[in-house]
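Some notes on the structure that comes next.
These numbers come from the heavy atoms of this one structure, side chains and all, not from hydrogens, waters or symmetry mates. The chains referred to below are lettered A, B, ... by the order of the sequence lines, with proteins before strands, and numbering in each begins at 1.
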2 protein chains.
Amino acid sequence: MRRSDSDNSAAPADAASTREKLLEAAARLFLERGYAATGVSAVLAEAGVRSGSMYYFFKSKDDLLVGVLDRYLELLRPVLIEPVEAATADPIDRVFTLLAFYRHFLVSTNCRLGCPIGNLALEISDTHEEARQKVVQNFENWCAVVAGWLVDAGERLPASCDRGALSRYVLTVMEGGQMQAKAQKRIEPYDASIAGLRDHFNRLEAEARAEKERNG
Amino acid sequence: MRRSDSDNSAAPADAASTREKLLEAAARLFLERGYAATGVSAVLAEAGVRSGSMYYFFKSKDDLLVGVLDRYLELLRPVLIEPVEAATADPIDRVFTLLAFYRHFLVSTNCRLGCPIGNLALEISDTHEEARQKVVQNFENWCAVVAGWLVDAGERLPASCDRGALSRYVLTVMEGGQMQAKAQKRIEPYDASIAGLRDHFNRLEAEARAEKERNG
DNA sequence: GTCTATAGAGTGATAGAC
DNA sequence: GTCTATCACTCTATAGAC
């Protein structure tokens with residue numbers, strides 16, 4: 001399957017690179033300005049790509065959005081989860097290390113941007129069905145990882161504590177905290193939200209310890 | 001100041017009504033489609049008003065957005081707080097009655113729309129400064145009311161518990177829960193979020209009771 | 001696969017008569 | 001205060017040469 005000899009059609013050059021540049025530019029602009037407020041022409045300018053090329057890879061602006069959300073699905077583990085697991089061994093600490101990663105991103109952008117998935121979730125869920133499903137998948141995968149850590153925490157959480165439900169609660173607090181940080185352009189609301197969650201975890205861990213003592 | 005005799009200029013007819021219709025239409029459409037995705041012409045059609053009239057009351061689309069957020073500031077007490085306080089006397093229960101009001105709104109729209117303020121918060125905070133400040137004011141007023149209830153709860157919460165911080169945490173959970181409900185088009189994620197918060201409150205109340213016992 | 005050129009509809013906003 | 005008409009621009013998307 002060499003393409004160098006008699007393949008005189010569609011010479012791919014670096015096809016991946018063009019597609020990549022479009023996804024990267026679109027992701028950045030959708031995050032900075034929102035989906036509807038970002039014109040295709042802005043994506044093209046940012047990517048240094050011409051209209052014809054974009055519509056070769058993506059059949060519409062909507063399709064580009066779906067591509068961006070697919071990219072986020074791919075990036076979850078290498079960009080977020082693996083660094084967290086490498087940095088932190090303790091399963092409960094991993095949850096808060098993950099939340100600290102988001103904090104770092106917030107601070108490094110002066111709290112202007114917020115969560116890429118969360119922003120799109122609210123903007124497009126009711127009007128772009130395919131993209132909405134990708135948002136849900138992003139949330140699901142995120143929660144599955146966190147739920148795994150909570151399962152790893154074993155007896156450090158009460159036996160009655162539903163790990164899946166708690167992982168979704170962690171997402172709730174993370175997104176709610178980022179929303180307020182973005183609105184206020186200050187990190188404090190995010191920190192306060194995580195502190196609230198930390199307090200909740202402390203109480204869950206205390207209950208688990210008491211449980212353990214009672215049972216010998 | 002009668003306007004019926006020699007006032008041959010700018011006969012106000014029902015000026016308020018036109019402005020009102022525009023705000024109502026804009027609020028509905030911004031909620032259903034988002035700010036950027038809503039054209040001025042759609043607002044005009046929905047309100048049954050012509051372009052010239054709109055630009056008499058609002059100097060730009062942005063200005064209309066600010067007007068909508070001002071309207072939400074006005075509506076907080078009559079539409080949300082007063083009904084909650086009328087329905088529920090217990091200060092801590094009032095918090096969860098308020099959260100149940102949002103649940104009702106979510107369910108009644110099949111979880112399609114979410115929180116009007118939260119949606120706009122993420123869409124416009126980074127690009128529309130004046131509107132962003134109105135969003136912040138909406139959040140502040142909401143939290144001030146909730147914080148007041150938490151203060152009313154007195155010794156039912158631990159002495160060390162910061163009521164203002166807790167009110168913001170309640171907002172965090174409410175917004176994060178609505179985001180997931182909207183993304184999934186199901187009420188369950190919202191209910192699970194509120195259940196998580198309820199569990200946290202239960203533990204805070206338990207600690208307050210233990211505190212009280214210790215101190216006589 | 002990439003380019004240019006452009007279609008065709010829609011955008012926010014304004015002017016000026018009434 | 002409301003109306004019509006319209007400007008100047010941007011939007012997404014496509015056609016067809018290379």
Just grab all the ring-ring contact (aromatic ring centres under 6.0 Å, His included) pairs involving residues 111-130 of chain B, residues at least two apart or on different chains.
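The answer is Y35(B)-H128(B).
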
Can a side chain N or O of Y55(A) be found less than 4.0 Å away from OP1 or OP2 on dA13(D)?
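For dA13(D), OP1 or OP2 has a side-chain N or O of Y55(A) closer than 4.0 Å.
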
For residues 36-48 of chain A, which residue pairs qualify under side chain to side chain donor-acceptor pair (under 3.5 Å), counting only residues two or more places apart or in two chains?
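Listed once each, the pairs are R28(A)-E46(A).
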
Any pair with a residue in residues 193-202 of chain B that passes side chain to side chain donor-acceptor pair (under 3.5 Å), sequence neighbours left out, goes on the list, sorted by first then second residue, please.
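As it turns out, the side chain to side chain donor-acceptor pair (under 3.5 Å) pairs with a partner in residues 193-202 of chain B, which skip direct neighbours, are T172(A)-S193(B), D199(A)-H200(B), H200(A)-D199(B), R198(B)-N202(B), R198(B)-E205(B), D199(B)-R203(B).
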
[options]: which one has an atom nearest the side-chain heavy atoms of [X]?
X      : options                  : answer
T18(A) : dT2(C), dA13(C), dT12(D) : dT2(C)
R50(A) : dT2(C), dT4(C), dG1(D)   : dT4(C)
S51(A) : dT14(C), dA5(C), dG1(C)  : dA5(C)

Using 4.0 Å as the upper bound for N to carboxylate O, is an ion pair formed by E129(B) and K185(A)?
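A salt bridge is present here (some side-chain N lies under 4.0 Å from a carboxylate O).
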
side-chain hydrogen bond (donor to acceptor under 3.5 Å, both in side chains) involving E123(A) - partner list, sequence neighbours excluded
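Listed in chain order: nothing, the list is empty.
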
Which residues pass the side-chain hydrogen bond (donor to acceptor under 3.5 Å, both in side chains) test with K59(A), not counting sequence neighbours?
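So K59(A) forms no side-chain hydrogen bond (donor to acceptor under 3.5 Å, both in side chains) with any residue.
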
Could you state the [atom1]-[atom2] distance from [X] to [N], rounded to the nearest angstrom?
X      : N       : atom1 : atom2 : result
M54(B) : dT4(D)  : CE    : C1'   : 17 Å
R33(A) : dC11(D) : CZ    : P     : 9 Å
F57(B) : dG12(C) : CZ    : P     : 20 Å
L29(B) : dT11(C) : CG    : C1'   : 16 Å
Y56(A) : dA13(D) : OH    : P     : 18 Å

Listed in order of residue number, which residues of residues 40-49 of chain A have a non-hydrogen atom at under 4.0 Å from DNA chain D?
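Residues of residues 40-49 of chain A under 4.0 Å from DNA chain D: V40(A), S41(A).
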
In residues 58-68 of chain A, which residues come under 4.0 Å of DNA chain D by heavy atom?
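Contacting residues: S60(A), K61(A).
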
Can you name the residues that form a side-chain contact (heavy atoms from CB on, under 4.5 Å) with V136(B), not counting sequence neighbours?
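V136(B): side-chain contact (heavy atoms from CB on, under 4.5 Å) contacts with A183(A), Q184(A), R132(B), E140(B).
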
Need to verify one output field. Residue with the more 5' nearest nucleotide on DNA chain D, A36(A) or G52(A)?
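Going by which nucleotide is closer to the 5' end, it is A36(A).
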
Which residues satisfy the salt bridge (Lys or Arg N to Asp or Glu O under 4.0 Å) test with E82(A), sequence neighbours excluded?
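Result, salt bridge (Lys or Arg N to Asp or Glu O under 4.0 Å) vs E82(A): none returned.
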
Between R94(A) and V84(A), what is the shortest heavy-atom contact and its length?
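Distance-wise, the nearest heavy atoms are O-CG1, 3.5 Å.
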
